[in-house]
Structures are given as structure tokens and as C-alpha cells.
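Lettering of chains follows the sequences in order, A, B, ..., and the numbering in each one begins at 1. As a basis for the values below, the full set of heavy atoms in this structure was taken, side chains included, without hydrogen atoms, waters or symmetry mates.
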Protein chains: 2
Amino acid sequence: MVVETELTDDEVDRIFRALADSTRRDIVRRTLTAESSVSELAAAYDMSFAAVQKHVAVLEGAGLVTKHPHGRERMVRGNPEAITRAQALLDAYEQIWRARIGRLDALLAETEE
Amino acid sequence: MVVETELTDDEVDRIFRALADSTRRDIVRRTLTAESSVSELAAAYDMSFAAVQKHVAVLEGAGLVTKHPHGRERMVRGNPEAITRAQALLDAYEQIWRARIGRLDALLAETEE
DNA sequence: AGTTTCTACAACCATTTGGTTGTACGTTAC
DNA sequence: GTAACGTACAACCAAATGGTTGTAGAAACT
């Protein structure tokens with residue numbers, strides 16, 4: 001099954017931007033393994049609750065994480081689909097590269113004729 | 001062959017940060033297909049030469065692109081290896097996710113006993 | 001030699017980012 | 001009901017980002 005990505009430039013910006021911070025990458029890692037509340041996450045890092053809250057918001061904006069109310073806490077859950085989409089983006093670059101190799105091969109084959 | 005990545009947090013930051021801009025992604029696309037000078041690149045975008053120069057510098061800092069002097073111009077060449085490394089990073093997240101699925105499966109299998 | 005082309009780099013500016021503290025509000029526990 | 005907990009959100013701040021213009025040097029063309 002091929003996932004129809006159809007992402008706007010802005011969405012792609014947000015995905016990579018969100019991944020460009022080690023705290024945020026760590027939050028993705030954790031919440032991909034097991035969902036946890038914002039305060040649980042906040043306890044894990046040497047920064048204020050509000051700072052972690054902002055990181056979660058960035059991840060949420062990029063679709064890398066979803067938040068689900070559960071009583072007074074908000075459970076944060078990593079979204080594997082977004083990771084897959086990001087991978088698809090990088091795959092596209094690899095395709096471009098492979099296409100270039102293909103053209104070079106064709107060129108070499110031609111000179112051998 | 002498994003590529004030993006061993007990237008520092010800072011390097012990973014730079015790679016994703018560099019990819020979080022559509023102009024820069026476009027530069028990677030172009031230079032992955034065919035190397036081109038900084039001025040050739042600059043002509044392609046609606047911004048100053050200096051701005052494009054800065055974008056190239058960001059990409060170079062992330063290792064996504066390399067610059068090679070050729071007379072008075074600097075040829076910019078996309079680095080497919082860096083793309084591969086970025087892919088490896090995202091693969092790691094997918095592994096985490098798959099591991100979780102594995103644990104859930106194991107748990108379900110256990111309850112069936 | 002003089003001019004044009006390509007690049008490097010500094011200075012500057014507005015906006016965004018990543019952090020802080022403080023306040024307010026809903027939910028849970030006593 | 002009141003206290004404690006978890007969250008949301010605003011205001012603020014320093015640093016980084018993404019852009020600009022301007023100046024200067026190296027290489028190429030005539």
C-alpha cells in the first residue's frame with residue numbers, strides 16, 4: 001500500500017523543523033514507545049514545564065505527535081504515520097540520486113557502442 | 001554494508017534544520033541531479049545572491065552538499081550519503097515503533113495462553 | 001590594463017525560536 | 001470545600017534565522 005502523502009511545502013518544513021531539536025526527537029522516541037502525559041515528559045528534561053509544553057506543541061503542529069485528554073492530563077502519543085511520511089520525502093531524494101546514476105550508466109553504455 | 005553513522009545530536013540537528021526550508025530542499029534536489037555553481041542556483045530563486053549563498057552554507061554545514069572550486073566559481077554538489085544518513089535516523093524511529101507493536105503482540109499472545 | 005563575473009563576508013534588520021516566569025482554570029484527592 | 005495537580009496561555013527575553021545591501025578580492029574576457 002502506497003500512502004498518498006501530498007504534503008505542502010509548509011507541512012514538510014514543519015516536520016523537519018520539529019525533528020531538528022534533540023529534546024523533541026527524544027519526546028518522539030518516548031511517546032512512540034509508550035504514550036505519556038505532558039507532565040511526565042516535563043519531569044524527564046532539565047527545563048520548565050512550559051518549555052516542554054511548547055516542544056510538544058511544535059511536534060503536534062508537525063503531526064509527529066497527537067494529544068489525547070485523559071482526565072486532567074493530556075496524553076502524548078507518537079504518530080508513526082508522520083515518520084513514514086518523512087521517510088517517503090527522503091526516499092524521493094534517493095530516487096533522484098538513483099535516476100542520475102541511471103543516466104550516467106546510460107551515457108557510458110552509449111559511448112561503448 | 002551497514003554505514004556506521006554515529007552522528008552527534010548537533011549534527012542531526014543541522015541535517016533536519018537544513019531540510020526544513022523549501023529553497024534548501026530544492027537546492028538539494030537540483031545539485032543531486034547535476035552540480036551547479038552558486039550563481040546558477042541564485043538565478044533560479046527570487047532572492048539575492050547572498051541569500052542563496054547562505055542557504056548553500058547551511059546545507060554544506062549539514063553535509064547535505066559539498067562545494068568544489070572550479071575556476072572562479074564554486075560548484076555545489078548534492079551529497080547522497082547525507083540523505084542516506086538522514087533516512088537511517090528515521091528508520092530508527094520506525095524500529096522503535098515496530099518494537100512496540102512486537103511487544104503488544106507478545107502481550108496479546110500471552111493472554112491467549 | 002580594464003571590465004565583468006563569481007564569490008566571500010560584514011553589517012544590519014525583522015521575525016522566529018527556545019527558553020523563562022506568572023497567572024488562570026479544570027480535575028482529582030482529602 | 002479546599003488543596004494539590006496538570007494544563008493552557010500570555011508576556012517577556014536572548015539568540016538564531018532568513019533576508020537585505022554594500023564592499024572587496026580572484027578569475028576570466030576583451
Side-chain angles (χ1 to χ4, degrees), chain A residues 8-31 34-78 86, chain B residues 8-31 34-78 86:
Chain A
T8 66
D9 268 0
D10 220 67
E11 290 170 317
V12 178
D13 284 9
R14 281 200 294 267
I15 291 174
F16 284 127
R17 188 95 201 50
L19 289 171
D21 179 284
S22 68
T23 301
R24 286 197 291 263
R25 286 192 300 275
D26 198 65
I27 291 176
V28 170
R29 250 176 254 125
R30 284 173 185 270
T31 59
E35 71 175 15
S36 59
S37 70
V38 180
S39 55
E40 276 171 345
L41 288 173
Y45 307 103
D46 188 27
M47 65 181 74
S48 71
F49 175 84
V52 174
Q53 221 177 3
K54 281 192 185 182
H55 281 306
V56 171
V58 171
L59 289 168
E60 198 183 10
L64 285 161
V65 129
T66 53
K67 261 194 313 193
H68 306 89
H70 183 263
R72 67 181 156 186
E73 46 194 354
R74 302 301 146 96
M75 306 309 289
V76 182
R77 196 181 298 168
Chain B
T8 66
D9 268 0
D10 220 66
E11 289 171 317
V12 178
D13 283 8
R14 280 200 294 268
I15 290 173
F16 284 127
R17 187 98 203 44
L19 289 170
D21 179 284
S22 68
T23 301
R24 286 196 293 261
R25 286 192 299 275
D26 198 65
I27 292 176
V28 170
R29 251 176 253 124
R30 284 172 186 269
T31 59
E35 72 175 14
S36 60
S37 69
V38 180
S39 56
E40 276 171 345
L41 288 174
Y45 308 103
D46 188 26
M47 66 182 73
S48 70
F49 175 84
V52 174
Q53 223 177 1
K54 280 192 184 182
H55 281 306
V56 171
V58 170
L59 289 169
E60 198 182 10
L64 285 162
V65 129
T66 54
K67 260 192 315 192
H68 306 88
H70 183 264
R72 68 182 155 186
E73 45 193 356
R74 302 302 146 96
M75 305 309 289
V76 181
R77 198 181 297 168

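Checking side-chain atoms of A:Arg77 against main-chain N and O of A:Glu35 turns up no donor-acceptor pair under 3.5 Å. Between the side chain of B:Arg24 and the backbone N or O of B:His55, no donor-acceptor pair lies under 3.5 Å.
Both A:Met47 and B:Met75 lie close to DNA chain C; mapped to their nearest nucleotides by heavy-atom distance, the more 5′-ward contact belongs to B:Met75. Taking for each of A:Lys67 and B:Ala20 the nucleotide of DNA chain D with the nearest heavy atom, the 5'-most of the two is the partner of A:Lys67. Nucleotides of DNA chain D nearest to B:Asp46 and A:Lys54 differ in position, and the one nearer the 5' end is that of A:Lys54.
For B:Arg17 and A:Asp21, the salt-bridge test fails: no basic side-chain N is under 4.0 Å from an acidic carboxylate O. Taking 4.0 Å as the cut-off between side-chain N and carboxylate O, B:Asp10 and B:Arg14 count as a salt-bridged pair.
The separation between A:Arg14 atom CZ and C:dT16 atom P is 13 Å, rounded to whole Å. Rounded to a whole Å, the CZ atom of B:Arg72 is 12 Å from the P atom of C:dT4. When rounded to the nearest whole Å, the span between CG of B:Asp13 and C1' of C:dT17 equals 13 Å. Note: CZ (B:Phe49) to C1' (C:dT4) measures 14 Å, nearest angstrom. B:Gln53 places its CD atom 17 Å from the P atom of C:dT5, with the value rounded to the nearest Å. In this entry the distance linking CZ of B:Arg17 with C1' of C:dG18 reads 12 Å, nearest Å. B:Asp9 has its CG atom 16 Å from the C1' atom of C:dG18, to the nearest Å. Whole-Å rounding puts the A:Tyr45 OH to C:dG19 P distance at 12 Å.
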Checklist entry - Can you check side-chain contact (heavy atoms from CB on, under 4.5 Å) on B:Val38 and B:Glu73, steps first, answer last? => result CA-CA 7 Å; B:Val38 180; B:Glu73 45 193 356; over 6 Å; no
Item to check | Working for side-chain contact (heavy atoms from CB on, under 4.5 Å), residues B:Ile15 and A:Phe16 | outcome: CA-CA 9 Å; B:Ile15 290 173; A:Phe16 284 127; over 6 Å; no
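Among C:dG18, C:dT28, C:dT7, the nucleotide with an atom closest to any side-chain atom of B:Ser39 is C:dT7.
Across all strands shown, A:Ala50 has heavy atoms under 4.0 Å from base atoms, whether or not it also approaches the sugar-phosphate. Within the 4.0 angstrom heavy-atom criterion, no nucleotide atom of any strand lies near B:Thr23.
Contact annotation: side chain of B:Arg74 to base of C:dT7, donor-acceptor pair absent below 3.5 Å.
Heavy-atom contacts of chain B under 4.0 Å fall on DNA chain D between two terminal nucleotides, which in 5' to 3' order are D:dT17 to D:dA28.
Taken to the nearest 0.5 Å, the OG atom of A:Ser39 stands 11.5 Å off from the CZ atom of A:Arg74.
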